[in-house]
Amino acid sequence: MSVLARTLIAALALTAAPAAAQDAPKPAWHSVLIDRDAMFEVRGERRSRTSSDTPSKDDVFVLPLKLPAVREDSPPVSARMVCYAGVHKAQLSPSELDLDLRYEQFAERRKERGFTTDKIVRADKGGVRILHAIGQRPDPHEHFVISLITAVRGDTVVSVTRNCTVQHVPRALGEVDFLALVERNTKVRFTFPTAFLDNRNGFSPFKKFVGMLG
């Protein structure tokens with residue numbers, strides 16, 4: 001057999017390699033205008049309640065995952081992350097800027113469904129105030145990250161609630177940073193220049209920019 005023939009046969013064999021042996025396609029990113037003031041960008045499969053081809057605030061996004069098992073020699077744990085986001089708007093007031101108070105009210109309703117909060121992470125980023133709540137419930141096996149992401153436009157508080165739940169089969173997980181997992185696969189973007197509360201002299205504008213998280 002000639003060198004040319006052997007080369008062609010090798011090339012055909014590579015082309016005919018089974019799809020399972022090739023790299024799986026990465027989940028698509030979706031951009032959702034959840035309000036004229038906020039965008040939600042999320043990776044995963046879109047599950048829509050409507051027949052529209054355009055992602056909307058009513059959509060849920062599902063991302064398949066493989067998480068580490070508690071034993072290093074065990075296979076990964078099958079899981080999926082389900083995310084959605086909504087917007088809350090209200091007249092500017094101290095209570096609307098108190099994210100701890102707002103989350104407490106939210107968490108009380110979820111206790112009846114078995115959710116417990118393990119950790120609270122707070123941050124201020126360029127005119128945007130953030131509270132991340134990380135927790136779980138044992139049955140079904142779920143971990144959650146709920147983020148209250150808040151900015152001020154004029155005399156209006158614009159607050160995005162990002163809700164992501166990681167559901168997995170009933171096997172013990174290894175160490176997983178669920179907040180980092182969520183932030184790698186979702187982004188929240190405000191579409192207006194942000195301003196925020198300065199405790200020394202009331203509300204003072206920050207330099208103009210579009211607040212971007214993630």
**Request:** Compute whether any side-chain donor of one residue and acceptor of the other, for S95 and R102, lie under 3.5 angstrom apart.
**Result:** no

CG of L65 to CG of L181, rounded to nearest 0.5 Å, is 5.5 Å

Taking the side chain as every heavy atom from C-beta outward, state whether T150 and V157 have any pair of such atoms under 4.5 Å apart. yes

When rounded to the nearest 0.5 Å, the distance separating CD of Q105 from CG of D98 is 9.0 Å

- Task: For residues R80 and L63, determine if any side-chain heavy atom of one lies less than 4.5 Å from a side-chain heavy atom of the other.
- Result: no

Do other residues, nucleotides or ligands put more than 12 heavy atoms under 6.0 Å from K89 NZ?
yes

Given the options T165, V62, V182, M81 meets side chain to side chain contact (heavy atoms under 4.5 Å, CB included) only with V182

Pair N185-V42, side-chain contact (heavy atoms from CB on, under 4.5 Å): steps then yes or no: CA-CA 6 Å; N185 293 288; V42 55; over 6 Å; no

Here the gap from R122 atom CZ to L131 atom CG, rounded to the nearest 0.5 Å, amounts to 6.0 Å

key: V158 side chain near F192 side chain, heavy-atom distance below 4.5 Å   = yes

Query raised in the report: Do F40 and V128 sit in the same hydrophobic cluster, where Ile, Leu, Val, Met, Phe, Trp and Tyr count as joined when their side-chain heavy atoms come under 4.5 Å apart?
Result: yes

For the hydrophobic clusters of this structure (ILVMFWY residues joined by side-chain heavy atoms under 4.5 Å, transitively), does one cluster hold both V87 and L148? no

Q: Compare all side-chain heavy atoms of Q167 with those of V82 and state whether any distance is below 4.5 angstrom.
A: yes

- Task: Start with the C-alpha gap between E41 and W29, add the side-chain angles, then the distance that decides, and say whether side-chain contact (heavy atoms from CB on, under 4.5 Å) holds.
- Result: CA-CA 7 Å; E41 297 180 1; W29 280 93; 4.3 Å; yes

Heavy atoms of H168 and A79 approach each other most closely as CB-CB, 3.6 Å

Rounded to the nearest 0.5 angstrom, the CZ-CZ distance for R43 and F61 is 13.5 Å

**Q.** Within 45° cone and under 6.0 Å: R110 NZ/CZ vs F115 ring
**A.** yes

Q. Is there a donor-acceptor pair closer than 3.5 Å between any side-chain N or O of D35 and the backbone N or O of A38?
A. no

What one should report as the nearest heavy-atom pair of G114 and P138 is O-CD, 4.1 Å

d(L173 CG, L67 CG) to nearest 0.5 Å is 5.5 Å

Side-chain touch F144/T117, heavy atoms, less than 4.5 angstrom:
yes

| request: Determine, step by step, whether S78 and K66 satisfy the side-chain contact (heavy atoms from CB on, under 4.5 Å) criterion, reporting the C-alpha distance in whole Å, the side-chain angles of both residues, the deciding distance to 0.1 Å, and the verdict. | output: CA-CA 5 Å; S78 297; K66 293 292 186 183; 2.8 Å; yes

Discussion item. Show, in sequence, the C-alpha distance, side-chain angles and deciding distance for D59 and Y84, and conclude whether the side-chain contact (heavy atoms from CB on, under 4.5 Å) test is met.
Written reply: CA-CA 7 Å; D59 291 344; Y84 60 91; over 6 Å; no

Main chain of R113, side chain of R137: is a donor-acceptor contact present, judged purely on distance under 3.5 Å?
yes

Those residues at least two apart in sequence (or on a different chain) that pass side-chain contact (heavy atoms from CB on, under 4.5 Å) with Q136 are T116, D118, H143

- Under a single-linkage definition using a 4.5 Å side-chain heavy-atom cutoff for Ile, Leu, Val, Met, Phe, Trp and Tyr, are L99 and I146 assigned to the same hydrophobic cluster? yes

Q. Any side-chain heavy-atom pair from T186 and C164 closer than 4.5 angstrom?
A. yes

message: Ring of F190, cation from R153 - is the NZ or CZ under 6.0 Å from the centre and inside 45° of the axis?
response: no

Can you tell if the side chain of F106 reaches within under 4.5 Å of the side chain of N163, non-hydrogen atoms only? yes

Practice task
Using a 4.5 Å cut-off on heavy atoms from C-beta on, say whether the side chain of V160 contacts that of D37.
Solution key: no

- Test item: side-chain donor near acceptor, H88 and E96, under 3.5 Å: yes

With sequence neighbours left out, the residues meeting side-chain contact (heavy atoms from CB on, under 4.5 Å) with K111 are E108

Contacts of H132 meeting side-chain contact (heavy atoms from CB on, under 4.5 Å) (sequence neighbours excluded), chain-then-number -> V121, I130, I134, S147, R162, L179, E183

Closest heavy-atom pair, P75 versus A69, reported as atoms and distance to 0.1 Å, is O-CB, 3.5 Å

Residues L92 and G154: closest non-hydrogen pair is CD2-O, 4.2 Å

